[in-house]
Amino acid sequence: MSDTQFGKGCHLHLIDGSAFIFRAYHALPPLTRKSDGLPIGAVSGFCNMLHKYVEANSGPDAPTHVAVIFDHSGKSFRNDLYDLYKANRPPAPEDLRPQFPLTRDATRAFNIACKEIEGFEADDIIATLAHQARDAGGRCTIISSDKDLMQLVGGGVEMLDAMKNKRIDSDGVVEKFGVGPDRVVDVQALAGDSVDNVPGAPGIGIKTAALLINEYGSLEALLDRAEEIKQPKRRQTLIEKRDQIELSKQLVQLDCNMDLDFTLDDLEVRDPEADVLLPFLADMELRTLSKRMADHMGAEAPVIAEAAPSAPSAEISAPVAVPFDAEKYECVRDAEALQGWIAQIRERGWVAVDTETTGLDEMVVDLVGISLCVTAGKACYIPLTHKVGNDDLFGGDGLAEGQMPLEEAVALLKPVLEDPAIIKIGQNMKYDAKILHRYGVQVAPIDDSMLMSYALHGGEHGHGMDALSERYLEHKPIPIKPLLGTGKSAITFDKVAIEDAVPYAAEDADITLRLWQQFKPKLHQRQVTTVYETLERPLVPVLAQMERNGIKVDRDTLSRMSNAFAQKMAGLEAEIHELAGQDFNVGSPKQLGEILFDKLELPGGKKGKTGAYATGADILEDLATEHALPALVLDWRQLSKLKSTYTDALQDHINAETGRVHTSYLQTGANTGRMASSDPNLQNIPIRTEEGRRIREAFVAEEGNVLLALDYSQIELRILAHMAGIDALKEAFAQGQDIHAMTASEMFDVPLAEMTPEIRRQAKAINFGVIYGISGFGLARNLRIPRKDAQGFIDRYFERFPGIRRYMDETVTFAKEHGYVETLFGRKIHTPDIASKGPRAGFAKRAAINAPIQGTAADVIRRAMIRMPDAIAHLPARMLLQVHDELLFEVPEAAVDETIATAKRVMETAATPAVQLDVKLVVDAGKGANWAEAH
DNA sequence: CCTGTCACG
DNA sequence: GACGTACGTGACAGGG
């Protein structure tokens, strides 16, 4: 121990440990420890940074005291002030988490004090120590570039941006914030911070905040005299959001009076000790650095063995090319063998899982077997309920020999599948998790190779396992067809002989693991980790729950409607035949075309590429002026559609056990980030016509409950206004104007008061056209006007909103340059066709223009859905469906108002804090006993 | 299995 | 100057 007290002449260095870690993590490829695959990229970078720091600070201006300060995991006292503080922070990446404790070990190995305190952030400890140093008359340098620490500068305290090697003193703070260090918190309180989710004053950034603080002297003075501000919006914000601003100040104000259980004197600089540091570096297998440090300290470099032969060879980052060999897959038939696999999984920390079932409907099918894979090429299959081949001979459905009881296998695997420290990897894990859920297992945490591929390669190709395996593993998976057969003679997987099932099933797990190994590091390299971690992975359990919830559908209502439709159709059919002068199949476009254009000789018959006449709704509508028949066919078609697709087909989807309809969401369904719904598709239930809309009356709430429908109002146009930076549109949305009327007024010079529905309709079509990548032809067809008129509208539109054209041009240019476009949340949508020639190029261009808008809207509602379960956990509400810009809930009547308020808030704030839109998001809510009423 | 048609956002 | 065009989906029926 030193007997000198910290005081004048002393110089304290405080290193922001978290900043070091994240910089190291992001700057380096995801290295792993050779012997066992432990991720150590961040640790390695961290150690190098400490080493560089030590070397750089041995000169005349060397510090006398030093500490590395870390954030303690978990919540801080700021979360008690504001529960959403830092709520937007994605969880640390999987491969970084195990490295956090190692960076503490590294700090101690370098013989540097290492401090963190539960309930506080590193910044508070730094603040307290900096104040202590200053008060003792010493100097303090904070090694960080975090602007939150700038409030501490002054009186001997400075910051050092180690990256740029730039010192920041009071002048530097003024440069950054426009005010001195003593007023930094005031500016931060106003400007807020999207990274930490500090709300601040909406619409006020650092520039404006500094202006105001400099004018009024302090935040308190400003808020007290807010009435004097000239700008009406600014004045209103400051008055209305006073509480929020004061809360923000509390959040950004660092605690410089913490009680610490150590003193400055404990932080005295100590030289690293070779017998501590070198073994640590050797353990991390950092050869270069341990040699360098050994030289530096005049010690002998430790010997680091090449990959220990006994250790498992799998690594996350650099999978060795192991050939696929079905012979090597193991069939697990008893508890003892399964225990062996479980031990391997525990040792490894991750496992690829695949389930085999009797069908595809997760709500109904039974588990047949489970495959596991821990290392590329090493997988097993656990058959559980395979039946004996010729069971009908004996009249029973006896289990095949050599299978362990399903309950026993599930009981053994459950602790592993639910262990928070073990990652369960799947290809479309939602499916397997839903199956296992029915056997009492809540699988978590999960990773999903399909979702990784979606984040990485969206727009490039599909994300099914077969396609991914062929493309990325150069291996064609064993097809399932020969095992199950096709058509009427097809069998279910439980009838497949176990010896045939093993290579197929185990291989799926093997492929999944290999894909995961390949994709995981790519997420980081391609900068889509945040997309995967915040928009994909956390959505899986949410969708699974929604699908399990299902929605109640009233069979009798559908059945009655179906009969009514059938009657009407029969009547129409008779009339149609009468007019045609012969019987024919109205449902056959081919026959209809021949009747219309050959027999009746109506004009405008155009044959498509197959040689058949086109008979689409637009063509029939045009013909309706010529003849009575086409209009009847249109009516017939509408009824036919409603009957076959909805009133009939929906009944077949009512689950016998729950009496509800359970759709399945395909998270990777649309390239833009939207989802698709299938079996049945509940995202295309009719609404536009009165007759179709009545289908929604069959979607009902349980007794004592109501359905709530909450939908985003004009979300895509709002996003366009933000992305293209169109002030007129932003302003219109801010004032709650009718956006289509405003567009019409702007374009056609008609005052809003004199707006006619017709003019507004045209403007509305143009607004939608813009989102789709407008063309004269498309608009003309939609509005049924001459093409040159449509082109005139478009020209006029671009004249009035030049920013839109700029946005479109820039987006296409970006797509050509990068091969993808991006949403505001960083989702990449690849546009491989953008470089092609001919009509494909036109499609690709329009898709590229549309994708960021549609995709950003899709990302927003995903964020809302991900936050929703926690937000409504205290309510008896259930989230049932998503229809692109709408969420449907079921809730007891007593909780309706609170559910609406909560869900609305979550949806309207879903973009923040990752993205601060210039346009507010507005959600409309409706309720009712059925979906028609709720809308 | 492909095409045309039509339901939704 | 001709060509062919609105963006994103899924289900059903007819027809080869």
Side-chain angles (χ1 to χ4, degrees), chain A residues 458-459 486 584-593 607-620 633-634 636-650 652-653 663-666 668-689 691-693 695-696 711-712 714-716 720 765-783 787 790-791 794 808 821 829 831 837-855 857-858 861 881-886 931 935:
Chain A
T486 54
F584 70 99
N585 185 348
V586 183
S588 163
K590 185 167 174 277
Q591 295 180 34
L592 176 66
K607 294 193 178 182
K609 38 194 158 192
T610 56
Y613 289 111
T615 66
D618 47 348
I619 290 169
L620 296 188
V633 174
L634 282 171
W636 184 91
R637 277 205 185 147
Q638 195 200 359
L639 293 172
S640 165
K641 179 81 177 181
L642 294 178
K643 183 172 186 296
S644 66
T645 309
Y646 300 105
T647 56
D648 289 349
L650 268 177
D652 301 335
H653 282 287
T663 185
S664 182
Y665 289 102
L666 185 59
T668 57
N671 288 336
T672 53
R674 273 198 186 175
M675 294 185 296
S677 152
S678 68
D679 310 294
N681 181 357
L682 294 185
Q683 291 182 322
N684 73 344
I685 303 301
I687 193 168
R688 291 172 187 171
T689 67
E691 212 140 30
R693 190 187 174 87
I695 307 271
R696 295 188 175 220
D711 68 291
Y712 284 104
Q714 309 281 14
I715 186 166
E716 292 189 356
L720 174 69
I766 296 166
N767 277 333
F768 276 101
V770 165
I771 292 171
Y772 298 151
I774 199 158
S775 79
F777 181 91
L779 183 64
R781 202 174 65 174
N782 192 286
L783 282 176
R787 187 175 155 179
Q791 192 55 54
I794 293 169
M808 294 173 118
V821 291
I829 297 131
T831 56
K837 292 264 173 256
R840 287 167 84 89
F843 277 116
K845 254 169 87 167
R846 290 189 297 272
I849 290 165
N850 173 258
I853 304 168
Q854 185 180 119
I861 196 165
L881 301 179
Q882 188 249 41
V883 192
H884 308 308
D885 65 353
E886 169 188 357
W931 198 0
H935 217 279

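In what follows, chains carry the letters A, B, and so on, assigned in the order in which the sequence lines appear, proteins first and then strands, with residues in each chain numbered from 1. Computed from a prediction, not measured in an experiment: that's the story for all the values here. All values below come from the heavy atoms of this structure, side chains included, with hydrogens, waters and symmetry mates left out.
For the pair N767(A) CG and dA6(C) P, the interatomic distance rounds to 20 Å; values are reported in whole Å. Atom CG of N850(A) is separated from atom P of dG9(B) by 16 Å (rounded to the nearest Å). Counting to the nearest Å, the P atom of dC12(C) and the CG atom of D648(A) are 10 Å from each other. Rounded to whole angstrom, the span from the CD1 atom of I619(A) across to the P atom of dG4(B) amounts to 11 Å. What separates NZ of K845(A) from C1' of dG4(C) is a distance of 14 Å, to the nearest Å. Look at OH on Y646(A): it is 6 Å from P on dC8(B), rounded to the nearest Å. We find that CD1 of I771(A) is positioned 12 Å from C1' of dG8(C), with the value rounded to whole Å. Straight-line distance from the CD1 atom of I849(A) to the C1' atom of dC7(C): 10 Å, rounded to whole Å.
In terms of phosphate contacts, N585(A) brings a side-chain nitrogen or oxygen within less than 4.0 Å of OP1 or OP2 of dG14(C). Residue Q683(A) places none of its side-chain N or O atoms closer than 4.0 Å to OP1 or OP2 of dA11(C). Between R674(A) and dT9(C), a side-chain N or O to OP1/OP2 separation shorter than 4.0 Å is absent. When the side-chain nitrogen and oxygen atoms of S588(A) are compared with OP1 and OP2 of dG15(C), one or more of them lie within a distance under 4.0 Å. In terms of phosphate contacts, R846(A) brings a side-chain nitrogen or oxygen within less than 4.0 Å of OP1 or OP2 of dC7(C). Taking side-chain N and O atoms only, T615(A) has a distance below 4.0 Å to OP1 or OP2 of dT5(B).
Checking dC8(B), dA6(C), dC6(B) against every side-chain atom of L779(A), the shortest atom distance belongs to dA6(C). Closest contact between the side chain of Q854(A) and the listed nucleotides dC7(C), dA6(C), dT9(C) involves dC7(C). Among dG8(C), dA11(C), dA6(C), the nucleotide with an atom closest to any side-chain atom of H884(A) is dG8(C). Among dT5(C), dG9(B), dG8(C), the nucleotide with an atom closest to any side-chain atom of F777(A) is dT5(C). Side-chain proximity of Q638(A) to the nucleotides dA7(B), dC7(C), dC12(C) is greatest for dA7(B). Residue N782(A) has its side chain nearest to dA6(C) when only dC12(C), dG9(B), dA6(C) are considered. Checking dC6(B), dG8(C), dT5(B) against the side-chain heavy atoms of P589(A) singles out dT5(B) as nearest. Side chain of R696(A), nearest nucleotide from dG8(C), dC8(B), dG10(C): dC8(B). Distances from the side chain of A617(A) to the nucleotides dC6(B), dG15(C), dA6(C) place dC6(B) closest. With dG9(B), dC6(B), dT5(B) as the choices, the nucleotide that has an atom nearest any side-chain atom of Y772(A) turns out to be dG9(B).
Heavy atoms of R787(A) sit under 4.0 angstrom from at least one base atom. A857(A) comes within 4.0 angstrom of nothing in the nucleic acid, heavy atoms only. Looking at heavy-atom distances under 4.0 Å, N681(A) makes contact with sugar-phosphate atoms alone, never a base. Residue I774(A) is classed as a base contact, given a heavy-atom separation below 4.0 Å to a base. Residue G773(A) is out of contact with every strand shown, counting any heavy-atom pair closer than 4.0 Å. Within the nucleic acid shown, G842(A) has no heavy atom closer than 4.0 Å to any nucleic acid atom. F768(A) comes within 4.0 angstrom of nothing in the nucleic acid, heavy atoms only. A780(A) comes within contact range of no nucleotide atom at all, as no heavy-atom separation falls under 4.0 Å. Looking at heavy-atom distances under 4.0 Å, E716(A) makes no contact with the nucleic acid at all. Among the protein residues, A858(A) comes within range of no part of the nucleic acid, since none of its heavy atoms lies under 4.0 Å from any strand. Residue contacts shown for E886(A) are absent, as no nucleic acid heavy atom lies under 4.0 Å away. Within 4.0 Å (heavy atoms only), D885(A) reaches sugar-phosphate atoms of the nucleic acid but no base atom. Among the protein residues, A612(A) comes within range of no part of the nucleic acid, since none of its heavy atoms lies under 4.0 Å from any strand. Looking at heavy-atom distances under 4.0 Å, I853(A) makes no contact with the nucleic acid at all.
Checking dG8(C) for Watson-Crick or G-U wobble geometry (two distances, each under 3.5 Å) identifies dC8(B) as its partner.
Here the closest non-hydrogen pair linking L779(A) and A790(A) is CD2-O, 3.8 Å. Annotation for G459(A) and N671(A): closest pair N-OD1, 3.6 Å, computed over non-hydrogen atoms. Closest heavy-atom contact between S678(A) and T663(A): O-OG1, 3.2 Å.
Under a 3.5 Å cut-off, the side chain of S664(A) and the backbone N or O of D679(A) do not form any donor-acceptor pair. No donor-acceptor pair closer than 3.5 Å links the side chain of Y712(A) to the backbone N or O of I861(A). Remark: the backbone N or O of S640(A) is paired with a side-chain donor or acceptor of S644(A) at under 3.5 angstrom. Formation of a donor-acceptor pair under 3.5 Å by the R696(A) side chain with backbone atoms of I685(A) is found in this model. Of the possible polar contacts, none joining the Q591(A) side chain to the V586(A) backbone as a donor-acceptor pair under 3.5 Å is found.
Separation of the P atoms belonging to dG4(B) and dA6(C) is 13 Å when rounded to the nearest angstrom. Only the C1' atoms considered, dA2(C) is 31 Å distant from dC6(B), to the nearest whole Å. Between the P atoms of dT5(B) and dC3(C), the separation comes to 22 Å (whole Å).
Below the 3.5 angstrom threshold, one finds a donor paired with an acceptor across the side chain of R688(A) and the base of dG9(B). Judged by distance alone, with hydrogens and angles left aside, R840(A) brings no side-chain donor or acceptor close enough to the base of dT5(C) to form a pair under 3.5 Å.
Side chains of I771(A) and N850(A) form a contact here, defined as non-hydrogen atoms less than 4.5 Å apart.
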